[in-house]
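Below, all heavy atoms of this structure are taken into account, side chains as well, without hydrogens, waters or symmetry copies. Just so it is clear: chains get the letters A, B, ... in the order the sequence lines come, proteins before strands, and each one is counted from 1.
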Protein chains: 2
Amino acid sequence: MTAPGRKPVARATLDPAPDATLRRFSGYLIKRAESVVRSDVNAALAPLGLRMFSFSALAVIVDTPGLRQAHLADALAVERPNIVAVLDDLQSRGLVSRERAPDDKRAYALEATTAGHELYRMALAAVTEHEERITKGLSEKDRQALIRALSVLVETGLAETGPRARGEEDEDEDEDEDD
Amino acid sequence: MTAPGRKPVARATLDPAPDATLRRFSGYLIKRAESVVRSDVNAALAPLGLRMFSFSALAVIVDTPGLRQAHLADALAVERPNIVAVLDDLQSRGLVSRERAPDDKRAYALEATTAGHELYRMALAAVTEHEERITKGLSEKDRQALIRALSVLVETGLAETGPRARGEEDEDEDEDEDD
DNA sequence: GCGCATTAGATATGACTTATATCGAAATTC
DNA sequence: GAATTTCGATATAAGTCATATCTAATGCGC
């Protein structure tokens, strides 16, 4: 028999996988899946000059015209400073407008421009293709079940992570938090 | 004093969620879920001086005694340089040993020490609790379905994005995996 | 045995993601 | 009208990962 050249891994048959224990945890698989998702979606969006995060921001702005940056940050579950650079980019490319809110001159009312809507349409198509690509091993039913399960998990996480009250006393405020 | 609080956006009633469109993509939810997972598991492991990644490395080493660093990197789907610092840490704390492989003096045979096994047992318990915590909104059946769906997605991604797995069997080509 | 290409691990570096702390300006409260 | 809070911006830093390159050791062919 031909002696095995270098690594007779044969893991497909003998060894289930070195990370078999880890694969019994959804958390581990979520992390692995996130890596797959990120690289694929970023590749899909790169031709459009977008990334996963800037696409997400654009999507929320398109769907919620006039929202403020803080709301956008809340929607995407990130801190406020994280969206500034993204909006700088989107705005400088003429995709979104930041107009001072009439009722609150500190705030910006965010809106997608015509070009923004245009790019968004293309990006949405690219992301839809990406979604089909990464979930092509799943039936539509399984994909929906996956989405439902992840939604529950995310909502549970949001509720759990708890109010990080930095004030102290007094009333309670609801806040989301993350990582 | 006015009860409700701050901004009468009224979006809670009108708009289900600003990211409703995004939530129809598993990719988006996976990213959001990953954030929940990471913060929770890291908090759970912090008392033990571990993170998600070092725990994963320890788990693979415990389950696959004698494996080399490159195999570990493959198992965790990361590049080789990324595990060096982790192993430096685990080794300096006496949790894993790096012994030169007898048949290949360039390579290290990784093994968990007694202390490593000990810590691993505790970490595994902590991670199991973490898993129960983040999936407590799901039935065990749904959790298993989630794991299965994610496994399919990850495997699809591995096959697609790039044969990083040199564990397959025979040759492998190089690609990128990005991220 | 002597080169040559390859492989294992280490180092250096950089991209990307995301959080905390703080500031100025505007808004709100008293 | 001063104090406090909120909005967005800036600065900084931590954490996650990849690529390129270096060193030793291996394997192969001559």
Side-chain angles (χ1 to χ4, degrees), chain A residues 3 5-7 31-32 34-36 38-39 41-42 46 51-54 56-57 67-74 76-89 91 98-110 161 164 166-167 170-171 173 175-179, chain B residues 1-2 5-9 31-32 34-39 41-42 46 51-54 56-57 67-74 76-89 91 98-110 161-162 164 166 171-172 174-179:
Chain A
R6 30 197 92 236
K7 335 191 194 114
K31 176 186 176 254
R32 292 287 299 260
E34 194 269 346
S35 173
V36 169
R38 181 149 37 93
S39 64
V41 77
N42 281 338
R51 310 172 170 286
M52 174 154 46
F53 190 66
S54 51
S56 298
L67 91 166
R68 284 94 181 274
Q69 297 189 188
H71 296 158
L72 178 57
D74 279 353
L76 298 176
V78 299
E79 293 302 320
R80 275 64 93 207
N82 292 321
I83 57 173
V84 175
V86 172
L87 288 177
D88 285 350
D89 175 59
Q91 183 184 27
R98 285 202 267 206
E99 285 170 25
R100 243 57 245 207
D103 57 321
D104 188 341
K105 280 192 265 191
R106 303 169 293 186
Y108 287 122
L110 304 174
T161 315
R164 183 101 31 193
R166 90 194 59 222
D170 235 342
E171 58 218 36
E173 243 172 32
E175 185 71 27
D176 84 307
E177 202 274 272
D178 157 285
D179 189 36
Chain B
M1 291 301 204
T2 23
R6 15 142 142 292
K7 10 184 156 115
V9 262
K31 177 186 174 255
R32 292 287 300 259
E34 193 270 346
S35 173
V36 169
V37 167
R38 180 151 35 91
S39 64
V41 75
N42 281 339
R51 308 170 170 283
M52 175 155 46
F53 191 66
S54 51
S56 297
L67 91 167
R68 283 95 181 274
Q69 296 188 189
H71 296 158
L72 178 56
D74 278 354
L76 299 177
V78 298
E79 293 302 320
R80 276 66 92 207
N82 292 321
I83 57 173
V84 174
V86 171
L87 288 177
D88 285 350
D89 175 59
Q91 183 183 28
R98 284 203 267 206
E99 285 171 25
R100 253 41 257 205
D103 57 322
D104 188 341
K105 278 192 267 193
R106 304 170 293 186
Y108 287 122
L110 304 174
T161 313
R164 157 137 283 103
R166 75 198 80 228
E171 84 80 60
D172 57 44
D174 206 298
E175 266 301 287
D176 79 331
E177 188 215 332
D178 167 301
D179 157 81

Enter the distance from [X]:[atom1] to [Y]:[atom2] here, rounded to the nearest 0.5 Å.
{"X": "B/S35", "Y": "A/L76", "atom1": "OG", "atom2": "CG", "result": "11.5 Å"}
{"X": "B/L72", "Y": "B/S56", "atom1": "CG", "atom2": "OG", "result": "9.5 Å"}
{"X": "A/L87", "Y": "A/N82", "atom1": "CG", "atom2": "CG", "result": "11.0 Å"}
{"X": "A/M52", "Y": "A/R38", "atom1": "CE", "atom2": "CZ", "result": "6.0 Å"}
{"X": "A/D89", "Y": "A/I83", "atom1": "CG", "atom2": "CD1", "result": "13.5 Å"}

Distance in angstrom units between [X] [atom1] and [N] [atom2], rounded:
{"X": "A/L72", "N": "D/dA9", "atom1": "CG", "atom2": "C1'", "answer": "15 Å"}
{"X": "A/R68", "N": "D/dG8", "atom1": "CZ", "atom2": "C1'", "answer": "12 Å"}
{"X": "A/D89", "N": "C/dT17", "atom1": "CG", "atom2": "C1'", "answer": "15 Å"}
{"X": "B/I83", "N": "D/dT19", "atom1": "CD1", "atom2": "P", "answer": "15 Å"}
{"X": "B/E34", "N": "D/dT16", "atom1": "CD", "atom2": "C1'", "answer": "9 Å"}
{"X": "B/L76", "N": "D/dT16", "atom1": "CG", "atom2": "C1'", "answer": "14 Å"}
{"X": "B/R80", "N": "C/dT6", "atom1": "CZ", "atom2": "P", "answer": "15 Å"}

* Using side chain to side chain contact (heavy atoms under 4.5 Å, CB included) as the criterion, list what pairs up with A/Q91, not counting sequence neighbours. => A/V96, A/R98
* For B/A85, which residues count as a side chain to side chain contact (heavy atoms under 4.5 Å, CB included) partner, sequence neighbours excluded? ->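 None.
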Pick out the pairs of N or O atoms, protein on one side and nucleotides 13-15 of chain D on the other, that lie under 3.5 Å.
unit_1, atom_1, unit_2, atom_2, d
D/dG15, OP1, B/R51, NH2, 3.0

* To do: Starting from the first five and the last five pairs of the helix from C/dG1-D/dC30 to C/dC30-D/dG1, work out the angle between the resulting helix axes, to 10 degrees.
  => 10°
* For side-chain contact (heavy atoms from CB on, under 4.5 Å), just list the numbers for B/L110 and B/Q69, CA-CA rounded to whole Å, side-chain angles, deciding distance to a tenth of an Å, and then say yes or no. => CA-CA 7 Å; B/L110 304 174; B/Q69 296 188 189; 4.0 Å; yes
* Check whether any side-chain nitrogen or oxygen of A/Q69 sits under 4.0 Å from OP1 or OP2 of D/dT6, and answer yes or no. => no
* Give a yes/no answer on whether the side chain of A/N82 brings an N or O atom under 4.0 Å of OP1 or OP2 in C/dT17. =>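 Answer is no, no contact under 4.0 Å.
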* Structure fact -> When A/P81 and A/K31 are each assigned the nearest nucleotide of DNA chain D, the 5'-most assignment goes to A/P81
* Starting from the 5' end of DNA chain D, give me the residue, B/M52 or A/L87, whose nearest nucleotide shows up first. => A/L87
* To do: For DNA chain D, determine which residues of residues 98-108 of chain A have any heavy atom closer than 4.0 angstrom to one of its atoms, and list them numerically.
  =>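 Within residues 98-108 of chain A, the residues near DNA chain D are A/R98, A/R106, A/A107, A/Y108.
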* Asked: Who pairs with A/R51 by side chain to side chain donor-acceptor pair (under 3.5 Å), at least two apart in sequence or on another chain?
  -> none
* Asked: Can you name the side chain to side chain donor-acceptor pair (under 3.5 Å) partners of B/D104, sequence neighbours left out?
  -> B/R106
* Test the B/R68-B/Y108 pair against the cation-pi criterion, namely NZ or CZ under 6.0 angstrom from the six-membered ring centroid and within 45° of the ring axis. =>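 Judged by the rule, B/R68 and B/Y108 form no cation-pi pair.
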